[in-house]
Amino acid sequence: MAPCCGYTLLVTSKLNYSNAYFQGRGLNASVSTKLEFGVCTVTCRIGFREVLLTSGCPGTETKCIVRVEECRGPVDCGWGKPISEDFASVKMPCISVPPENRFKYVWKMLFPNKTAHILPVDSAVMEACRDTHSVAFQCETQENGTIIASVKYRVCARTEMQTVKSRRIEAGQTRRTKTDAILVVMVITVIIMIVGVIFAMIFMVLRWAAVKSAWESKSGQDIQHELLKLAGKSSLHNME
């Protein structure tokens, strides 16, 4: 049965397992079995998937794991990411699963519009020194003469690394400059707001003092006017 990756496949089959296999796992060998293959753990290279039994499971279980098996996705895994890199060298891994000595690893140096050059390296990890030109490498993971996975890496030249580093420094300085400018604008805005609030408070205090003074003056005049009225009324009453 061919492996399936990226989706779930449901099939009905007569398993060629012995009764002891099922009885040892509490499974019912007399029931027609249905296998469900789980999703592969990877989208390329070698992964793993669960094989589930959907009938004949012990007890009231609707599904039970029969085994875990390998599954394989597309061979081409595109461009990979190095394990580590610095200004002088790059360390690149091939695609594999334990044990590593199960596979054969073929490293190639790629050239545009030319045949790839096979390198005398058969390890799962290769370290390449940076040169004056950028170079692309490819590692093929083979099993019994069949390619099961392939990954490529691009090793930038030293001059390119310097350019990239300079651009990163410039980008960082630009970001810092923009951040500083934004902070300055925010600080100036906050200061202006604080000064505006202070002036508003001073204006309100002075305005309140003037209003209070006017109110007190008006209140005094009203009181004095009332007193004069009372005094006039008293004088008329005495004259009568």
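In what follows, residues are counted from 1 in the order of the sequence shown.
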Do Glu85 and Lys91 have side-chain heavy atoms sitting under 4.5 Å apart?
-> no
Determine whether Glu69 and Phe48 make a side-chain contact, defined as any pair of heavy atoms from C-beta on separated by less than 4.5 Å.
-> no
Donor-acceptor pair, side chain of Thr141 and main chain of Ile148, under 3.5 angstrom = no
Any donor-acceptor pair under 3.5 Å from Arg130 side chain to Val155 backbone = no
Result for side chain to side chain donor-acceptor pair (under 3.5 Å) between Ser150 and one of Gln142, Gln138, Glu140 points to Gln138
Do Phe111 and His117 have side-chain heavy atoms sitting under 4.5 Å apart?
-> yes
Considering only heavy atoms from C-beta outward, does the side chain of Val68 approach that of Arg49 to under 4.5 Å?
-> no
Find the distance between SG (Cys71) and CD (Glu50) and round it off to the nearest 0.5 Å.
-> 11.0 Å
Flag the pair Phe37 / Leu52 as yes when at least one side-chain heavy-atom distance between them is below 4.5 Å, and no otherwise.
-> no
Going by heavy atoms in the side chains, are Phe103 and Ile46 under 4.5 Å from each other?
-> yes
State, with a plain yes or no, whether a side-chain heavy atom of Leu53 is found less than 4.5 Å away from one of Glu61.
-> no
Applying side chain to side chain contact (heavy atoms under 4.5 Å, CB included), run through Cys139 and Met126 and close with a yes or a no.
-> CA-CA 9 Å; Cys139 178; Met126 184 182 76; over 6 Å; no
